[in-house]
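The figures here come from the full heavy-atom set of this structure, side chains too, leaving out hydrogens, waters and symmetry mates. Numbers restart at 1 for each chain; the letters A, B, ... are given by sequence-line order, proteins then strands.
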Amino acid sequence: MSNSHTTVIKPKKIFSFSSLSEVWEYRELLYFFTWRDLKVRYKQTAIGALWAIFQPFITMVVFSVFFGGLLKIPSDGVPYPIFVYTGLLFWQFFSSALSDTSNVLITNQAIITKVYFPRLILPLSSVMTKFIDFGIAAVILVGMMFYYNYTPHLVGLLIIPLLLIITFMVSTGLGLFLASINVKYRDVRYALPFFIQILMFVTPVIYPASIAGKYSWILALNPMMGVIQSARAALLGTTVLNWTLVSISLLATFILMLIGIYTFKKTERYFADII
Amino acid sequence: MKNSPIITVKNISKKYNINHQQGGYIALRDVITNIFKNPFTFLKTKTKEVLGIETKEEFWALKDINFEIMKGEVIGIVGRNGAGKSTLLKILSQITPPTTGEIRINGTVGSLLEVGTGFHPELTGRENIFLNGAILGMKKKDIVRKFDEIVKFADIEKFLDTPVKYYSSGMYVRLAFSVAAHMETDILIIDEVLAVGDAEFQKKCLGKMNEITKEEGRTILFVSHNMGSVKQLCNKTILLSNGKIIDFGETENITEKYLSLSKETTSEKWENKGNEFNNEYFKPEKFYISKEKDDSLWVNIETTINKLDESLTVGYALYSEDNTLLYWSYQTDSKESDWPELNIGNNKIKSKLPTEIFNSGIYKIELIASLYFKEWIISPNNINPTIFFNFSKKFNESKYWVQKRPGIITPNNQWKIIK
């Protein structure tokens, strides 16, 4: 039995895929961390998990009144509430996952300095947690689609998983990068909320991407722009699905993900020393 | 396969750079202000760093560690504070990488550097068993299988569904140790966890660990300050000092050597070499034992105070030979009007040692200081000014009490006949 498992500890670990497969070995821990975060979050609250619905819902109502009703921001011909909710749904998944991932090493400092496990588990579990929130909040969207009588076409439904994967990867990639920096420079914690706010204004959450006109491909370098626009196209038929846009987003996502994993893996082993 | 070692440690060294004194992380702002404040110094150090000339202030927590451990051995690791014990365990548990060298481990490793790592106060005992088990690397099905045993050992059946934030500290520790004790790894690494919990539970833990090794043939690495439990558990022991292995052999010999080593380095006086423990509220200058005419022993503390804080408490922690804490004493132990008044500048205070109850032996005294309930200035069990003194008890008038007695204290008690 003891022969089946040999560990070699050396000063420098070269990046290898075996360290990624180790994450799979520890998948139960991934489950437990996610379970813990979900379980703990709404302890001692009166309405519990309803908060996951409340936040995007109230935001949607307020935005609809001010941006849709008073400011009359165009919405590609669909009712503004459902237009903005689709955007918010993906945006909140992204932004909350990003900020949680960036801080996850700090919040779990006590565990990191005392126990070994693949550190990647922590950021992954925070994105998972937010993904479940997304699932809960998506119920509202389904309700709204019935209310406003929208039926998504088949290709539309098929592309949603792809968009979710992109969102998942963007927040993980960027999050891993920021989390690694955060270990040494706590500036991240202060800069991030501000950064996310700015990012929201350059992402077509409250306005349609079409107002950027022929320059929209520049905006597409921000993968969330591609995601939100495609989600609207797929579910609400606002525009035709723009595959170039999706491809650009996908490419940008891959680059972000690579940078994220590389930075994280490079600094991972020293977290316990400098955190 | 019996003869090949389960753990092989080759040339392990670990270096820390001590360049940021303010603790772990730095703010980018500090880096930037530093650049603008001292641009030349910054440039100079940077170029030196790039060229590799600059050697930062380095600290070798471990230096050239080599040893092999066979399957089923229980190895104790002893050494003074700061000898490198915890660093060694951290490297073996893969929490921090070594700077040089290589370790080969043939088997699964479970490490218990702290009791209750990852316990969440909001979760119930039941939930925490699963969470903590998973963090320690147990599989869910193993936790389920061992669940009843864990609960029984911890003796918390009634509170299984209560959030652990409502647990007493004893229950908390019992549950935490119980989870860890049921890990089924080939190798178990344990750091001083038995220092917590009450005496009865400590005994139970030692029993459990004995059982683990004897019946299941598991390998254990065990760090402790308590020579008693090391002797009870370990067949072989590693003695570390200043990051190096001084000796590795039979526990009995090593523990004796450890104790005599601390005797050799006995110093009855500590003096600040310049800027050690620099703190505006309290900077220790001298720390020593003095003897008065009546043969009484006094602990003397000389200090510089640059900023007065009402909550300053200065004192010492006294330990017996096997590093058992005997007591803490502070200058603020009496009623407030009797406290010695500390002023800005140099202060000398002293406190009488209650030697009438001391047994013969070597005692360790650590200087401790804090701002009451705010922060430690010099914390116990850390790197702090430490002195040792060898005390030989004068036997009293009794004709029967003429040799050293067992026990930590030997008070001279009154006996009377009841009429």
Side-chain angles (χ1 to χ4, degrees), chain A residues 1-13 22 25-37 39-45 105-106 108-119 121-122 125 181-191 268-275, chain B residues 1 4 6 9 12-14 16-17 20 24-29 31 71 90-114 117-118 120-123 127-128 130-141 143 163 185-187 191 219:
Chain A
M1 171 186 167
S2 45
N3 300 335
S4 60
H5 198 287
T6 301
T7 318
V8 178
I9 303 171
K10 277 184 176 173
K12 279 215 175 74
K13 216 163 156 190
E22 203 185 20
E25 246 178 76
Y26 275 83
R27 61 192 179 279
E28 278 188 358
L29 187 58
L30 179 61
Y31 162 77
F32 273 114
F33 275 141
T34 312
W35 169 83
R36 174 195 69 178
D37 289 346
K39 189 112 195 169
V40 165
R41 187 143 41 117
Y42 300 117
K43 284 257 165 150
Q44 290 203 359
T45 60
L105 296 174
I106 312 292
N108 288 285
Q109 188 171 353
I111 305 179
I112 288 178
T113 52
K114 295 292 177 199
V115 185
Y116 171 77
F117 56 86
R119 305 305 188 204
I121 298 276
L122 283 171
S125 91
I181 297 178
N182 206 0
V183 170
K184 197 164 182 185
Y185 298 104
R186 298 292 146 94
D187 301 76
V188 172
R189 198 171 16 176
Y190 306 105
E268 177 182 35
R269 302 235 295 155
Y270 295 93
F271 286 165
D273 288 346
I274 52 177
I275 203 163
Chain B
M1 287 311 289
S4 72
I6 189 161
V9 175
I12 287 294
S13 299
K14 172 80 185 178
Y16 284 105
N17 290 327
H20 28 75
Y25 63 88
I26 23 181
L28 198 56
R29 190 196 60 193
V31 178
K71 193 172 183 298
K90 277 193 175 176
I91 292 175
L92 283 165
S93 331
Q94 294 192 60
I95 290 164
T96 179
T99 311
T100 66
E102 187 184 299
I103 298 175
R104 194 169 282 272
I105 300 173
N106 292 309
T108 50
V109 181
S111 58
L112 184 56
L113 300 194
E114 176 192 65
T117 309
H120 200 290
E122 296 284 353
L123 297 177
E127 290 163 344
N128 267 309
F130 281 95
L131 177 64
N132 187 233
I135 289 175
L136 292 173
M138 291 163 87
K139 293 264 173 274
K140 195 178 170 198
K141 62 174 199 301
I143 306 175
T185 51
D186 303 329
I187 301 159
D191 188 5
T219 314

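- The minimum heavy-atom distance linking Ile111(A) with Thr117(B) is given by the pair CA-CG2, 3.8 Å.
- By number of non-hydrogen pairs under 4.5 angstrom with chain A, the leading residue of Gly137(B), Gly101(B), Ser111(B) is Gly101(B).
- Ion pairing of Lys114(A) with Asp191(B) is absent here, as no side-chain N (NZ or NE/NH1/NH2) approaches a carboxylate O to less than 4.0 Å.
- For the pair Lys39(A) and Glu127(B), the salt-bridge criterion is met [side-chain N within less than 4.0 Å of a carboxylate O].
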Just do the side-chain contact (heavy atoms from CB on, under 4.5 Å) check on Ile103(B) and Val8(A) with the steps written out, would you? CA-CA 6 Å; Ile103(B) 298 175; Val8(A) 178; over 6 Å; no
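- Using a 4.5 Å cut-off between heavy atoms, Lys14(B) touches chain A through its side chain atoms alone.
- Residues Arg36(A) and His120(B) share a closest heavy-atom pair of CD-CD2, 4.1 Å.
- To the nearest 0.5 Å, atoms CD1 (Ile12(B)) and CD1 (Ile9(A)) are separated by 7.5 Å.
- Contacts with chain A were tallied for Val109(B), Leu136(B), Thr96(B); Thr96(B) has the most, counting heavy-atom pairs under 4.5 Å.
- For chain B, the nearby part of Ile112(A) is the backbone; its heavy atoms alone come within less than 4.5 Å.
- Tyr116(A) and Ser93(B) get closest at one heavy-atom pair: CB-O, 3.0 Å.
- Separating the CE atom in Met138(B) from the CG atom in Leu29(A) is a distance of 13.0 Å, to the nearest 0.5 Å.
- Atom CG of Leu131(B) and atom CZ of Phe33(A) lie 6.5 Å apart (nearest 0.5 Å).
- Distance CD1/Ile135(B) to CZ/Phe32(A): 10.0 Å, rounded to 0.5 Å.
- No more than 12 heavy atoms of other residues, nucleotides or ligands sit less than 6.0 Å from atom CZ of Arg104(B).
- Rounding to the nearest 0.5 Å places CZ of Arg41(A) at 13.5 Å from CD of Glu122(B).
- Around NZ of Lys140(B), the count of heavy atoms belonging to other residues, nucleotides or ligands within 6.0 Å does not exceed 12.
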